[in-house]
Novice: 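Once you've had a glance at the structure underneath, I'll fire off some questions.
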Amino acid sequence: MTAPLRIGNASGFYGDRFDALREMLTGGELDVLTGDYLAELTMLILARDRLKDPSAGYARTFLRQLEECLGLAHERGVRIVANAGGLNPAGLAGAVRELAGRLGVPVRVAHVEGDDLTARYPGSLAAHAYLGGFGIAACLREGADVVVTGRVTDAALVTGPAAAHFGWTATEYDRLAGAVVAGHVLECGTQATGGNYAFFGERPPGDLLRPGFPLAELHEDGGSVITKHPGTGGFVDVGTVTAQLLYETGGARYAGPDVTARLDTVRLTRDGPDRVRIDGVRGEAPPPTLKAGLNRLGGFRNEVVFVLTGLDVEAKADLVREQMTGALAASPPAETRWELVRTDRPDADTEETASALLRLVVRDPGQEAVGRALSGAAIELALASYPGFHVLAPPGKGAPYGVFEDVYVPHGSVDHVAVLHDGRRIPVGPPHDTTAVTVVPEPELPEPPAPGPVRRAPLGLVAGARSGDKGGNANVGVWARDDDAWRWLAHELTVERFRELIPEAGALPVTRHVLPRLRALNFVVEGILGEGVAAQARFDPQAKALGEWLRSRRLDIPEALL
């Protein structure tokens, strides 16, 4: 039997801990080290970089990390796979070769391309298909030591090395699905080792100050064990893995370019301290289309935050709203949004805690309507508005904002290519079999708990949650930690109750997905993020804290669970 493949992660986003690459290379045994640098917002940032410099478009941090660690990886025989190529994987591959030559490190550098569809979508800043892992696998099979890619799925950073190592074919769906699940757990770095974890307060003081990065021991059958290097901070348990599995997912079918993984088949078991085994994952043929993300310029936005201190907060807010509305009436912005945040307390002992914040956000296709017009109107009120008038910062000239959109293209319309260190190009064909993704029928719910006394308390006392963004939609995964809490949660947290607890979702489409093996419910709220994170449509534009808001809401909970 082929030995397990040890795959680590050293980056969950562009800007993650710089020293993680070195920490993972020196902390224990690894075969492959991956780095996830891309997100919807990152693609827009890189597109704007490329507008200024056509040779840019990749994550420059990755190069600086390699400058310190490329020799170390070579000495230890660790291959590096990263999507840091962004919009320019060929450019990054060339820069890595140049760096390796300067350092005298004999490594073979390959890259994956074909995801760039920008030319097909006039007016877009960046349009990129999410490729699978078989381009990465082709590079590794041909001897690459470093593989950089553009837009691939986050899990492809694991499925590619696994397919190369174990010799999997494109139709071994259960094995590929197991690798997808492991890759999804690893992709966000320390979120799998206690970072951003709902029950962080149960850990000893200092335990989460510097969580270690995760790794997966991946087996030939697609099963894996999630763990971390010995002696590193944080922790790995069934809860941390469950939380990350629910992050930015939807229903039971988790579709990707290589395989559709069935999240309702995932089985998690403790395998020792800081070790969680994942097995039982089933896979199905991938869908007939590839998802592609389009980023375009949506217009310009600006904001000003008025500080309202002491008495009569509502009246002060009404006055400045009327004044600003009148001042902007001659050429009003296309979109105006006011939010009053009552951070003030009565009889406060500091001025800051006596103050509320009134936030005005404006958007318009043109810069003038949100630039000088807004700043002029706000500044002219300095001596002519409510008592105590001041703002957190004067508004600027207005900044461009982006809009994200999903489109879908046929597999065969994308030229997925592995470009090797010697210049050879290996085409990666589309999957032979595909299956349209359909909704899995809701499974049978467990028996509800017996009636008994209840107490009004926050949901978070008995359930964890993790939330995130997918374009303009948000997901909130909620899970119970034992069977008794699950029996209550499955019946209590309906779509109707969710809308009650999260009023922002009241008029929006909300879908509930039930995942009994994880004792979890996953809610998808459509449109709550407007046109995506770059458009900054709400206070929390990526819905990172939506789950924590839900956990803070009070409802009647059986006393037996508290």
Side-chain angles (χ1 to χ4, degrees), residues 1-9 24 28-36 73 76-83 108 110 112 131-147 149 152-187 192 214-227 241 245 254 256-263 265-269 271 275-286 416 418 420 426-433:
M1 182 178 287
T2 307
L5 181 68
R6 291 175 64 86
I7 304 180
N9 171 280
M24 290 301 289
E29 294 297 318
L30 282 178
D31 300 303
V32 178
L33 184 56
T34 67
D36 181 9
R76 292 177 172 248
V78 178
R79 291 169 149 186
I80 294 176
V81 179
N83 61 12
R108 289 164 291 194
V112 177
L131 302 180
F134 280 94
I136 296 170
C139 294
L140 294 172
R141 284 170 178 154
E142 295 294 327
D145 303 298
V146 178
V147 182
T149 76
V152 296
T153 63
D154 301 337
L157 301 175
V158 170
T159 60
H165 181 75
F166 295 117
W168 293 342
T169 65
T171 56
E172 295 184 77
Y173 298 130
D174 290 349
R175 292 174 173 180
L176 289 168
V180 163
V181 170
H184 183 63
V185 174
L186 295 188
E187 70 184 53
L215 63 93
E217 297 170 357
L218 198 62
H219 294 268
E220 189 171 8
D221 64 358
S224 63
V225 172
I226 305 298
T227 184
V241 175
L245 269 179
Y254 185 57
D258 296 323
V259 64
T260 294
R262 289 290 298 263
L263 298 183
T265 64
V266 176
R267 183 168 52 239
L268 304 179
T269 52
D271 194 55
R275 292 176 63 84
V276 172
R277 182 172 297 279
I278 301 175
D279 59 16
V281 186
R282 301 296 303 273
E284 299 168 346
H416 188 177
L420 306 181
I426 300 178
V428 179
H432 295 290
D433 301 314

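Quick caveat, the model's predicted, so the values are computed rather than measured. By convention here, the first residue in the shown sequence is residue 1.
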Novice: Looking only at non-hydrogen atoms, find the nearest pair between Thr159 and Gly133 and report the distance.
Specialist: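 Residues Thr159 and Gly133, closest heavy atoms: OG1-CA, 3.7 Å.
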Novice: Mind checking the OH-OG1 spacing from Tyr254 to Thr153? Nearest 0.5 Å is all I need.
Specialist: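 If we round to the nearest 0.5 Å, Tyr254:OH and Thr153:OG1 are 7.5 Å apart.
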Novice: Taking Ala144's backbone N and O only, do any of them form a donor-acceptor pair with Arg79's side chain (distance below 3.5 Å, no angle check)?
Specialist: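 Checking the backbone N and O of Ala144 against the side chain of Arg79, a donor-acceptor pair under 3.5 Å is found.
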Novice: Would you say Leu140 and Pro161 make side-chain contact, with heavy atoms under 4.5 Å?
Specialist: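 Yes, at least one pair of side-chain atoms sits under 4.5 Å.
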Novice: Mind listing the closest non-hydrogen atom pair of Val158 and Gly183 along with its distance?
Specialist: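 In this case the closest contact between Val158 and Gly183 is CG2-CA, 3.6 Å.
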Novice: Tell me if a side-chain donor or acceptor on Thr149 pairs with a main-chain N or O of Val152 at a distance below 3.5 Å.
Specialist: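 The answer is no, because no donor-acceptor pair under 3.5 Å joins these two groups.
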Novice: Do Val185 and Leu245 touch side chain to side chain, with heavy atoms closer than 4.5 Å?
Specialist: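 Val185 vs Leu245: side chains touch.
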Novice: What's the verdict on side chain to side chain contact (heavy atoms under 4.5 Å, CB included) for His165 and Asp31, showing C-alpha distance, side-chain angles and the deciding distance?
Specialist: CA-CA 10 Å; His165 181 75; Asp31 300 303; 5.7 Å; no
Novice: Under a 4.5 Å cut-off applied to non-hydrogen side-chain atoms, are Thr269 and Val276 in contact?
Specialist: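 The answer is no; the side chains never approach within 4.5 Å.
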Novice: Measure the spacing between CZ of Arg175 and CH2 of Trp168 and express it to the nearest 0.5 Å.
Specialist: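 Reported to 0.5 Å precision, the distance equals 7.5 Å.
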Novice: At their closest point, which heavy atom of Cys139 faces which heavy atom of Val147, and how far apart are they?
Specialist: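 Nearest pair, atom of Cys139 first, then Val147: CB-CG2, 3.7 Å.
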Novice: State plainly whether the residues Arg282 and Asp174 are in salt-bridge range, i.e. N to O under 4.0 Å.
Specialist: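 So Arg282 pairs with Asp174 through a salt bridge.
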Novice: Side-chain contact, heavy-atom cut-off 4.5 Å: Thr227 with Pro214?
Specialist: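 In short, these two side chains do not touch, never coming nearer than 4.5 Å.
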Novice: What is the distance from atom CG of Asp145 to atom CZ of Arg108, rounded to the nearest 0.5 Å?
Specialist: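 With rounding to 0.5 Å, CG (Asp145) is 5.0 Å from CZ (Arg108).
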Novice: Yes or no on side chain to side chain contact (heavy atoms under 4.5 Å, CB included) for Val259 and Val180, after CA distance, side-chain angles and deciding distance?
Specialist: CA-CA 8 Å; Val259 64; Val180 163; 3.6 Å; yes
Novice: Looking only at atom types and distance, does a side-chain atom of Thr2 sit under 3.5 Å from a main-chain N or O of Glu220, one as donor and one as acceptor?
Specialist: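 Judged by distance alone, no pair lies under 3.5 Å.
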Novice: Quick check: does any side chain N or O of Arg262 sit under 3.5 Å from a backbone N or O of Glu284, one acting as donor and the other as acceptor?
Specialist: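 Checked: no pair found.
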Novice: Regarding Glu217 and Arg275, does a basic nitrogen lie under 4.0 Å from an acidic carboxylate oxygen?
Specialist: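 Looking at Arg275 together with Glu217, the answer is yes, because their closest N to O distance falls below 4.0 Å.
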Novice: Between atom CD1 of Ile278 and atom NE2 of His219, what is the distance when rounded to the nearest 0.5 Å?
Specialist: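 Rounded to the nearest 0.5 Å, the CD1-NE2 separation comes out at 11.0 Å.
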Novice: Working to the nearest 0.5 angstrom, can you tell me the gap between Arg76 CZ and Leu33 CG?
Specialist: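 One finds 11.5 Å between CZ of Arg76 and CG of Leu33.
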Novice: Got a donor-acceptor contact below 3.5 angstrom from the Arg277 side chain to the Ile226 backbone?
Specialist: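 Not at all, since once roles are kept as given, no pair shorter than 3.5 Å links the two residues.
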Novice: Quick one: closest heavy-atom pair of Ala138 and Ala418, and the distance?
Specialist: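 Shortest heavy-atom contact: CB-CB, 3.8 Å.
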Novice: Contact between Val78 and Val32 at the side-chain level, heavy atoms closer than 4.5 Å - yes or no?
Specialist: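 Answer no - side chains too far apart.
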Novice: Rounded to the nearest 0.5 Å, what separation is found between the OG1 atom of Thr171 and the CG atom of Asp258?
Specialist: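 One gets 12.0 Å once the value is rounded to the nearest 0.5 Å.
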Novice: Kindly indicate, with the supporting measurements, whether the criterion side chain to side chain contact (heavy atoms under 4.5 Å, CB included) is fulfilled by Ile426 and Glu142.
Specialist: CA-CA 10 Å; Ile426 300 178; Glu142 295 294 327; 3.7 Å; yes
Novice: Measure across Gly35 and Leu157 and return the closest heavy-atom pair with its distance rounded to 0.1 Å.
Specialist: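 Answer, listing the atom of Gly35 first, then Leu157: O-CD1, 3.4 Å.
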Novice: List the steps, then state whether side chain to side chain contact (heavy atoms under 4.5 Å, CB included) holds for Asn83 with Asp154.
Specialist: CA-CA 8 Å; Asn83 61 12; Asp154 301 337; 4.3 Å; yes
Novice: Restricting to non-hydrogen atoms, name the atom on Gly256 and the atom on Pro286 that form the minimum distance, rounded to 0.1 Å.
Specialist: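 Result for this residue pair: O-CB, 3.3 Å.
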Novice: Can Asn9 and Asp36 be counted as having a side-chain donor-acceptor contact under 3.5 angstrom?
Specialist: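 Side chains of Asn9 and Asp36: no pair found under 3.5 Å.
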